[in-house]
Engineer: 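Would you mind keeping the following structure in view while I ask a few things?
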Amino acid sequence: MATLATRLTALLGIRHPVLLAGMAGGPTTPELVGAVSAAGGLGVFGVAGMSTEAVHDAVTRARAIAGSAPIGVNVLISPAVPRPGADPDRVAEVLAPLRAELGLPHPPPAGPTPATPLELVQAGLDAGATVVATGLGDPAPVAGAARDAGVPLIAMVSTVDEARIVVQGGADVVVAQGGEAGGHRSNFTVPDDAPVPLVGTMALVRQVVQAVDVPVVAAGGIMDGAGLAAALALGADGVQLGTALLVAREAGVPDGWRDRIRAARDDETIVTRALSGRPARGLPNTLIEALDQPGAMGWPQQNAAAGDVRRAAAQAGRADLMSLWAGQAAALAGPDRPAADIISQFVQGAADTIARLGRISGG
Ligand SMILES: Cc1cc2nc3c(=O)[nH]c(=O)nc-3n(C[C@H](O)[C@H](O)[C@H](O)COP(=O)(O)O)c2cc1C
């Protein structure tokens with residue numbers, strides 16, 4: 001197979017410069033994380049929202065599949081985002097009929113206190129994770145744990161300013177998340193009442209590469225080897241894949257979500273605060289419509305409020321009531337296939353693209 005050796009592959013000890021985005025809420029199963037790492041990429045768990053016991057168990061299972069290859073854990077470090085006019089009773093009223101439809105108790109029973117990002121990272125490291133990754137905030141709360149464990153810290157950002165902040169805070173790798181990206185926007189410096197920064201991947205990656213000295217990983221809208229080659233051409237040392245790996249066989253993604261990804265139009269995804277109280281890109285559905293109301297709360301209250309509905313809907317395969325995070329290039333996802341095939345198609349496709357460009361340039 002073709003090889004693409006970069007500063008990132010050397011730093012992380014991986015064969016291919018391809019990272020699985022930690023995707024909290026189900027997609028990053030132990031099987032997916034283990035398969036990506038075993039295939040030479042970096043498998044990363046999205047562990048936000050899990051208990052420390054579940055993290056320990058999941059990382060242990062992924063580690064068994066990955067063998068000696070590195071694996072990572074990803075946490076969300078978002079400060080609380082209060083929302084003026086938040087009305088928990090109004091949100092509960094909206095959720096009541098959806099719970100009835102899914103056979104869930106209303107109101108839902110109180111859950112355990114969520115583990116902190118540091119506790120989640122520690123549980124992952126104890127179970128054998130060898131990389132710490134963060135999104136949605138300044139990684140400072142977990143930087144010490146990564147340093148003490150002697151493992152690389154990867155931090156995701158959405159602006160050049162944020163890139164400088166996370167490098168100063170100890171990040172060894174910066175993920176530049178372009179506006180095309182599926183899932184939550186990783187901005188943490190722009191106030192909630194200001195427009196959401198949606199700097200496109202091409203514009204952001206090139207500027208972040210020039211602003212920091214550490215390896216930069218491009219994320220957002222990268223769906224095949226041509227996208228990987230384009231990221232390398234911009235000076236990135238690798239890519240982070242969310243949507244492209246949602247159709248991996250091993251991903252914890254119900255069929256209804258996979259179908260919506262493949263059928264998506266380029267202009268169909270929306271950036272909405274309705275599901276979690278923070279801006280995130282996904283495909284519109286009934287749940288977003290229902291929650292997009294005056295009285296919607298901020299992060300993390302809004303995220304927690306409909307958690308039981310989203311989980312039950314995912315289990316029941318109800319694409320209308322789960323979260324359908326996806327990036328703008330979702331339609332390029334292709335058929336369901338093993339993660340190892342997706343990784344090798346990326347690497348081969350990038351090598352082919354680079355060879356084709358070499359011929360264009362006339363050397
Ligand atoms: C379903 C889904 C869940 C995500 N969850 C997380 C997460 O838990 N932590 C994180 O840092 N990024 C998360 N992201 C964002 C990714 O890190 C990445 O920025 C994005 O997927 C890249 O764009 P793409 O989807 O077009 O590949 C998620 C993305 C998706 C699609």
Side-chain angles (χ1 to χ4, degrees), residues 18-29 32-33 42 44-50 55 72-78 117 120-121 124 131-137 139 142 153-158 162 166 171 173-188 198-202 204-205 217-224 227-228 230-231 236 238-248 251-254 257-258 260-261 264 266 268-269 271 275-276 278-283 299-300 303 310 314 319 322-333 342 346:
V18 179
L19 275 46
L20 162 67
M23 291 185 274
T28 47
T29 59
L32 180 60
V33 172
L42 179 72
V44 180
F45 261 113
V47 299
M50 289 168 73
V55 172
V73 282
N74 169 288
V75 287
L76 299 179
I77 311 212
S78 175
L120 295 170
V121 161
V131 176
V132 173
T134 65
L136 278 58
V142 300
L153 175 65
I154 303 177
M156 187 163 71
V157 302
S158 68
E162 291 167 355
V166 301
V173 175
V174 173
V175 176
Q177 185 199 41
E180 297 91 320
H184 281 98
R185 302 296 311 140
S186 210
N187 67 286
F188 57 92
L198 288 172
V199 186
T201 303
M202 183 175 273
L204 181 66
V205 169
V217 170
I222 299 167
M223 299 298 290
D224 57 19
L228 169 53
V239 292
Q240 173 159 305
L241 309 179
T243 307
L245 281 162
L246 289 178
V247 297
V253 175
W257 187 357
R258 291 169 190 257
R260 287 287 309 270
I261 286 171
D266 55 347
E268 194 178 351
T269 60
V271 174
L275 288 189
S276 71
R278 278 199 57 130
R281 183 180 292 286
L283 292 157
W299 173 279
N303 192 46
R310 291 195 313 266
M322 64 177 99
S323 49
L324 297 174
W325 303 137
Q328 286 182 321
L332 297 173
I342 297 177
F346 261 85

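First listed ligand is number 1; within each ligand, the first listed atom is number 1. Being a predicted model, the structure only gives us computed values, none of them experimental.
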Engineer: Polar contacts were defined as any N/O atom of the residue lying under 3.5 Å from an N/O atom of the ligand; does this apply to G182 and ligand 1?
Structural biologist: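 Looking only at distances, the answer is yes, because the N/O contact criterion of under 3.5 Å is met.
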Engineer: Would G221 count as a contact of ligand 1 if the rule is a heavy atom under 4.0 Å away?
Structural biologist: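 G221 counts as a contact of ligand 1 under the 4.0 Å cut-off.
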Engineer: Do L153 and T134 come within less than 4.5 Å of each other through their side chains, counting heavy atoms only?
Structural biologist: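 The answer is yes, as the side chains (C-beta and beyond) meet within the 4.5 Å cut-off.
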Engineer: With a heavy-atom distance limit of 4.0 Å, tell me whether T243 approaches ligand 1 through its side chain, its backbone, both, or neither.
Structural biologist: both
Engineer: Which of the atoms in ligand 1, numbered in the order shown and given with their element, are less than 4.0 Å from a heavy-atom of G220?
Structural biologist: 22 (C), 23 (O), 26 (O)
Engineer: Among all protein heavy atoms in this structure, tell me which lies nearest to atom 5 (N) of ligand 1, with the distance rounded to 0.1 Å.
Structural biologist: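 Nearest neighbour among protein heavy atoms for atom 5 (N) of ligand 1, to 0.1 Å: M23 CA, 3.3 Å.
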Engineer: Could you work out, for atom 23 (O) of ligand 1, the closest of A280, S186, A181 by heavy-atom distance?
Structural biologist: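 Heavy atom nearest to atom 23 (O) of ligand 1 belongs to A181.
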Engineer: Could you check which of Q240, R281, Q328, H184 puts a non-hydrogen atom nearest to atom 17 (O) of ligand 1?
Structural biologist: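 Ranked by closest heavy atom to atom 17 (O) of ligand 1, first place is Q240.
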Engineer: Is the closest N or O pair between A24 and ligand 1 shorter than 3.5 Å?
Structural biologist: yes
Engineer: Any atoms of ligand 1 less than 4.0 Å from a non-hydrogen atom of M156? List them with their elements.
Structural biologist: 10 (C), 11 (O), 12 (N), 17 (O), 19 (O)
Engineer: Would you say N74 has any N or O atom under 3.5 Å from an N or O of ligand 1, going by distance alone?
Structural biologist: yes
Engineer: Taking the side chain as every heavy atom from C-beta outward, state whether L120 and F45 have any atom pair closer than 4.5 Å.
Structural biologist: no
Engineer: Donor-acceptor pair, distance only, cut-off 3.5 Å: does the side chain of S186 make one with the backbone of G135?
Structural biologist: no
Engineer: Does some side-chain heavy atom of V253 sit less than 4.5 Å from a side-chain heavy atom of V247?
Structural biologist: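 In short, these two side chains do not touch, never coming nearer than 4.5 Å.
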Engineer: To the nearest 0.5 Å, what is the distance between CG on D224 and CD1 on I342?
Structural biologist: 11.5 Å
Engineer: How far does CG of L324 sit from CZ of R260, to the nearest 0.5 angstrom?
Structural biologist: 5.5 Å
Engineer: Can you tell me the protein heavy atom closest to atom 21 (O) of ligand 1 and the distance?
Structural biologist: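 Minimum-distance protein heavy atom for atom 21 (O) of ligand 1 reads G242 CA, 3.2 Å.
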Engineer: Which ligand 1 atoms does L76 reach within 4.0 Å, using its non-hydrogen atoms?
Structural biologist: 7 (C), 8 (O), 9 (N), 10 (C)
Engineer: Got T243 and Q328 here, is their nearest side-chain heavy-atom distance under 4.5 Å?
Structural biologist: no
Engineer: Counting only heavy atoms closer than 4.0 Å, does ligand 1 sit against the backbone of V175, its side chain, both, or neither?
Structural biologist: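 The answer is neither; V175 stays 4.0 Å or more away.
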Engineer: Backbone, side chain, both or neither: what part of Q177 comes under 4.0 angstrom of ligand 1, heavy atoms only?
Structural biologist: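 For Q177, only side-chain atoms sit under 4.0 Å from ligand 1.
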Engineer: Are V131 and V173 close enough that some pair of their side-chain heavy atoms sits under 4.5 Å apart?
Structural biologist: no
Engineer: Please name all residues satisfying ring-ring contact (aromatic ring centres under 6.0 Å, His included) with W257, sequence neighbours left out, ordered by chain then number.
Structural biologist: none
Engineer: Measuring only between side-chain heavy atoms, which start at C-beta, is L42 closer than 4.5 Å to Q240?
Structural biologist: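 They are not in side-chain contact.
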Engineer: What I want to know is whether A21 and ligand 1 share at least one N or O pair that is separated by under 3.5 angstrom.
Structural biologist: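 N/O-N/O distance below 3.5 Å does not exist for this pair.
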Engineer: Using heavy atoms and a 4.0 Å limit, tell me yes or no: is G22 in contact with ligand 1?
Structural biologist: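 Judged by the 4.0 Å heavy-atom criterion, G22 does count as contacting ligand 1.
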Engineer: Between W257 and ligand 1, which part of the residue brings a heavy atom under 4.0 Å of the ligand: side chain, backbone, both or neither?
Structural biologist: side chain
